[in-house]
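Note that these values count all heavy atoms, side chains included, but never hydrogens, waters or copies made by symmetry. Naming: A, B, ... by sequence-line order, numbering from 1 per chain.
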Amino acid sequence: MKMSQLFLQTLREFPNDAEAISHKLLVRAGYIKKLANGIYTYLPLAQRVLNKISNIVREEMNSTGAQEMLMPFVQPAELWQKSGRWNVYGKELLRCVDRHENQMCLAPTHEEVVTSVVADIVNSYKQLPLNVYHIQLKFRDEIRPRFGLLRGREFIMKDAYSFHTSQEDLDREYEVMGRTYTNIFKRCGLDTRAVQSDSGAIGGSVSHEYMVLTDTAVGENDVFYCDECGYSANSNHADSFLPVEIVDGGFVEEKLIDTPNVKTIAELSEFLNVDSNCILKAVAYIADSKPVIAMIRGDKEIEETKLLNALSALEIRPMENDEIISLLNSYAGFISYRDVDASKVKVLFDKSAKGMKNFVLGANVKDKHFVGSNLPQGIQFVDISCVKAGEYCPVCKKPLKMTRGIEVGNIFQLGTKYSKPMNACYTDAEGQLKPYIMGCYGIGITRTMAAAVEKYHDDFGIIWPKEIAPYHVDIVPVNIDDEVQSKVAYDLYEKLNNLKIETVIDDRTDRAGVKFKDADLIGFPVRITVGKTISEGLVEFKTRNDGVVIKLTPDEAIKKCQEILLN
RNA sequence: CGGGAUGUAGCGCAGCUUGGUAGCGCACCUCGCUUGGGACGAGGGGGUCGCAGGUUCAAAUCCUGUCAUCCCGACCA
């Protein structure tokens with residue numbers, strides 16, 4: 001490709017509306033262009049990167065026996081009503097109506113379609129197991145798209161779906177997919193960690209997320225992990241062993257005391273001169289329009305995803321102050337589980353409350369707390385708290401570490417969550433109708449591209465891993481009008497391309513500085529400069545990742561390219 | 001959904017306080033010159049100032065509404 005022909009524009013300055021470095025660089029280097037909030041055009045360079053990632057995904061998926069197909073992006077509501085998700089998916093599902101007044105939606109995922117297609121075609125256990133996948137657009141109308149491609153509304157995803165006759169066979173496939181995912185990301189130049197996670201709107205029981213670990217805010221997930229035993233989990237799912245399990249508040253008898261204007265745990269802790277873990281905190285929520293009180297030890301916080309799951313609710317939000325008064329007959333800062341009408345208000349106790357004795361508790365009255373309270377017998381405890389730094393691994397009790405992660409892939413065991421309601425069955429060897437046991441496996445192709453940029457860049461631009469770089473080599477003739485330089489450069493260009501080394505020649509008449517800046521910004525793994533050293537028969541060979549420059553003859557440069565760029 | 005900010009040429013911005021012919025840098029086109037890290041000179045093209053109302057002889061500028069975008073939060077009593 002001649003640089004003068006390449007459809008792109010590099011910008012001298014970063015775009016103003018981008019925050020994440022991958023977003024800034026992909027826009028500035030001419031890879032993507034925003035059309036609307038969370039919706040981007042992938043320009044030719046980006047398309048090449050996406051194709052490379054997709055091809056790695058294809059090779060690895062195909063090698064496991066999975067088969068590629070392609071499913072529709074626009075889907076009828078009917079299917080989603082059948083699975084029961086039409087009413088629960090919420091506003092992320094972009095709905096529309098066609099000219100015949102049929103309700104339709106843009107695909108946020110493809111469980112419904114694939115289940116219905118397979119149900120029509122696969123009737124016998126002899127046709128199972130099956131794993132089919134496609135690489136296709138998704139649309140999720142996110143509350144807040146951000147960070148460019150990392151959280152867009154429209155994005156490209158590889159999603160695979162497997163169908164089995166037994167849980168054991170699903171377990172086997174799940175293992176295979178897990179290994180395959182690690183390989184796929186490794187081939188893309190990315191180290192990932194598989195972490196246990198909440199299964200969210202997709203549903204199912206077992207699931208793992210594949211995280212690219214990063215220290216920056218764009219890693220939207222907190223990951224807790226243990227170096228000792230390998231435990232790792234998303235914060236929305238992580239469990240922990242508390243440093244202090246049994247806490248005695250030390251108040252010998254229960255008393256009602258005045259705590260004027262002492263509302264927060266920190267204030268209360270200071271006012272009474274007790275540790276925050278001696279206070280039993282109440283947090284009030286509205287879950288699917290019903291009031292809920294979550295009781296938790298004062299030094300711990302509620303993990304709302306866990307709470308949502310514990311309640312089997314679709315939606316939760318913290319209670320407003322006026323609702324605390326009207327629904328709980330209580331007062332913000334002084335809420336208690338006691339004296340609430342159990343038929344109207346659901347009360348949950350986090351497992352952190354289990355070891356508490358003689359603690360401090362709200363009195364459901366403004367400016368009053370109890371001290372020396374104890375829990376009644378027979379309480380069921382649930383895990384609805386966040387893990388905090390300094391807590392211990394739930395498996396081996398060694399200290400847990402935390403980091404941020406970008407989720408680039410996930411795998412789920414769905415079981416019969418979709419096959420049952422959609423009545424998607426096969427006939428087993430005994431002639432019985434059975435619902436398929438399913439798994440699903442996703443990879444964010446566009447997000448993987450952005451994650452690679454997050455991981456590999458410097459002040460000058462992107463540093464692509466060679467496996468997913470849009471082109472391998474950029475040839476820069478310092479002065480394209482110089483006959484000798486031009487001839488050597490074009491000769492190299494032709495030879496490299498003939499060797500299947502994807503090469504760009506910067507044939508523009510611009511000065512060398514412009515070409516060098518663009519080469520660094522775009523992130524070609526190798527740059528070959530044809531300049532004044534050509535008088536000694538030498539060109540300069542520069543690798544982007546380490547910045548090392550060596551002088552070689554053109555033939556040596558070609559050999560070097562083959563050596564480092566082709567496996 | 002709350003809070004904050006911003007909408008002026010493809011990109012980055014000034015102008016608005018105090019209304020009076022819409023500007024600058026980059027990019028683009030022409031000519032010259034230059035060619036090892038985003039040169040220089042001269043000339044040129046491109047914008048219904050987010051949109052809709054209102055005030056005014058006159059609105060990018062003042063007022064009202066609206067839409068869009070970005071950031072923070074969805075906080076824990």
Side-chain angles (χ1 to χ4, degrees), chain A residues 8-20 23-24 27-30 33-39 43 90-91 143-148 217 259 261-268 276 279-286 292-304 306-307 315-325 328 330-336 350 361-364 366-367 369 384-386 388 459-461 476-482 485-486 506 508-521 527 529-534 539-540 542 547 549 551:
Chain A
L8 93 168
Q9 181 185 36
T10 57
L11 304 174
R12 191 174 288 228
E13 287 166 280
F14 282 120
N16 186 33
D17 60 358
E19 189 71 10
H23 188 193
K24 287 179 173 176
V27 171
R28 190 174 155 202
K33 180 138 182 66
K34 184 169 77 178
L35 179 67
N37 191 13
I39 302 177
L43 296 167
K91 289 189 175 164
I143 298 178
R144 189 174 155 206
R146 58 176 147 185
F147 302 140
T259 49
N261 262 326
V262 180
K263 289 187 184 178
T264 66
I265 295 298
E267 287 164 2
L268 190 57
S276 59
I279 302 166
L280 184 61
K281 173 165 72 173
V283 191
Y285 287 90
I286 299 289
V292 172
I293 296 176
M295 302 303 301
I296 186 167
R297 207 169 81 180
D299 60 326
K300 297 281 287 176
E301 313 292 339
I302 296 288
E303 169 53 60
E304 294 191 357
K306 289 184 181 178
L307 179 60
E315 199 177 36
I316 55 168
R317 62 169 174 84
M319 223 182 249
E320 305 288 342
N321 280 347
D322 56 335
E323 290 170 322
I324 292 172
I325 295 168
L328 301 181
S330 186
Y331 200 85
F334 307 93
I335 303 173
S336 166
D350 180 63
L361 178 68
N364 278 334
K366 188 172 193 292
D367 294 341
H369 279 89
I384 51 173
S385 53
C386 298
K388 283 167 61 172
D459 289 347
F460 301 104
V476 179
V478 170
N479 183 355
I480 193 72
D481 292 331
D482 179 296
Q485 288 182 24
S486 175
D506 200 336
R508 296 176 298 178
T509 53
D510 293 81
R511 294 160 67 88
V514 174
K515 301 181 189 182
F516 292 155
K517 289 283 184 194
D518 276 344
D520 289 345
L521 184 60
R527 188 183 89 199
T529 307
V530 184
K532 57 195 173 197
T533 56
I534 200 64
V539 297
E540 279 171 27
K542 181 176 179 183
V549 179
K551 291 188 176 141

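Heavy atoms of other residues, nucleotides or ligands lying less than 6.0 angstrom from CZ of F14(A) number more than 12. More than 12 heavy-atom neighbours from other residues, nucleotides or ligands sit within 6.0 angstrom of CZ on F516(A).
A salt bridge links K281(A) with E301(A): at least one charged nitrogen is closer than 4.0 Å to a carboxylate oxygen. Salt bridge D17(A)/K34(A): present, at least one basic N to carboxylate O contact under 4.0 Å.
Judged by distance alone, with hydrogens and angles left aside, R28(A) brings a side-chain donor or acceptor within reach of the base of G38(B), the pair sitting under 3.5 Å. Taking only distance into account, the side chain of K551(A) never meets the base of G36(B) through a donor-acceptor pair shorter than 3.5 Å. At a cut-off of 3.5 angstrom, the base of G38(B) holds at least one donor-acceptor pair with the side chain of D518(A). Side chain N479(A) to base G36(B): no donor-acceptor pair is found below 3.5 Å.
The two atoms that bring V530(A) and Q485(A) nearest to each other are O-OE1, 3.3 Å, heavy atoms only.
Distance, I316(A) CD1 to C76(B) C1': 11 Å, rounded to whole Å. Summarising the geometry, the separation between NZ on K388(A) and P on C76(B) is reported as 15 Å, rounded to the nearest angstrom. When the P atom of C76(B) is taken as reference, atom CG of L268(A) falls 15 Å away, rounded to whole Å. The CD atom of E540(A) sits 12 Å away from the C1' atom of G37(B) (whole-angstrom rounding). To the nearest angstrom, P of G38(B) lies 6 Å from NZ of K517(A).
Nearest-nucleotide mapping onto RNA chain B: of K91(A) and E13(A), the residue sitting toward the 5' end is K91(A). Residue whose closest nucleotide on RNA chain B sits further toward the 5' end, between V530(A) and K33(A): K33(A).
Counting any heavy atom pair closer than 4.0 Å across all strands shown, V478(A) reaches a base atom. Within the nucleic acid shown, D481(A) comes within 4.0 Å of at least one base atom, counting heavy atoms only. Within the 4.0 angstrom heavy-atom criterion, no nucleotide atom of any strand lies near I296(A). Residue R527(A) is classed as a base contact, given a heavy-atom separation below 4.0 Å to a base. Heavy atoms of I324(A) sit under 4.0 angstrom from at least one base atom. In this structure, Y331(A) reaches neither bases nor backbone, as no heavy-atom distance under 4.0 Å exists between it and the strands shown. The residue T533(A) sits close to a base: some heavy atom pair falls under 4.0 Å.
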(request) Dump the intermediate steps for side chain to side chain contact (heavy atoms under 4.5 Å, CB included) on L328(A) and I293(A), then the final yes or no. (result) CA-CA 9 Å; L328(A) 301 181; I293(A) 296 176; 4.0 Å; yes

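Taking the P atom of each, U55(B) and A60(B) are spaced 16 Å apart, rounded to whole Å. Rounded to whole Å, the separation between the P atoms of A68(B) and C57(B) comes to 35 Å. If you take atom C1' in G7(B) and the same atom in U61(B), they sit 15 Å apart, rounded to whole Å. Here the separation of C63(B) from A5(B), taken at their P atoms, is 15 Å to the nearest Å. Between G4(B) and G45(B), the two C1' atoms lie 39 Å apart (nearest whole Å). With both ends at atom P, the span from U8(B) to C13(B) equals 10 Å, rounded to whole Å. As rounded to the nearest Å, G47(B) and G10(B) have C1' atoms that lie 12 Å from one another. Annotation: G20(B) and G2(B) have their C1' atoms spaced 42 Å apart (nearest Å).
Rounding to the nearest 0.5 Å places CD1 of I325(A) at 9.5 Å from NZ of K366(A). For the atom pair OG1 of T509(A) and CG of D481(A), the computed distance is 7.0 Å after rounding to the nearest 0.5 Å.
Applying the Watson-Crick and G-U wobble criteria (two distances, each under 3.5 Å), U55(B) pairs with nothing in any strand.
K517(A) is not listed as a side-chain neighbour of T10(A), based on a closest heavy-atom distance of 4.5 Å or more.
Candidate nucleotides G10(B), C26(B), A39(B) were compared by shortest atom distance to the side chain of R511(A), and A39(B) ranks first. Comparing A74(B), C76(B), G37(B) by their nearest atom to the side chain of Y285(A) picks out C76(B).
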Please write out the pairs of protein N or O atoms and N or O atoms of nucleotides 69-71 of chain B separated by less than 3.5 Å, giving the distance to one decimal.
from, atom 1, to, atom 2, distance (Å)
U69(B), O3', K34(A), NZ, 3.3
C70(B), OP1, N37(A), OD1, 3.0
C70(B), OP2, N37(A), OD1, 3.0
C70(B), OP2, N37(A), ND2, 3.4

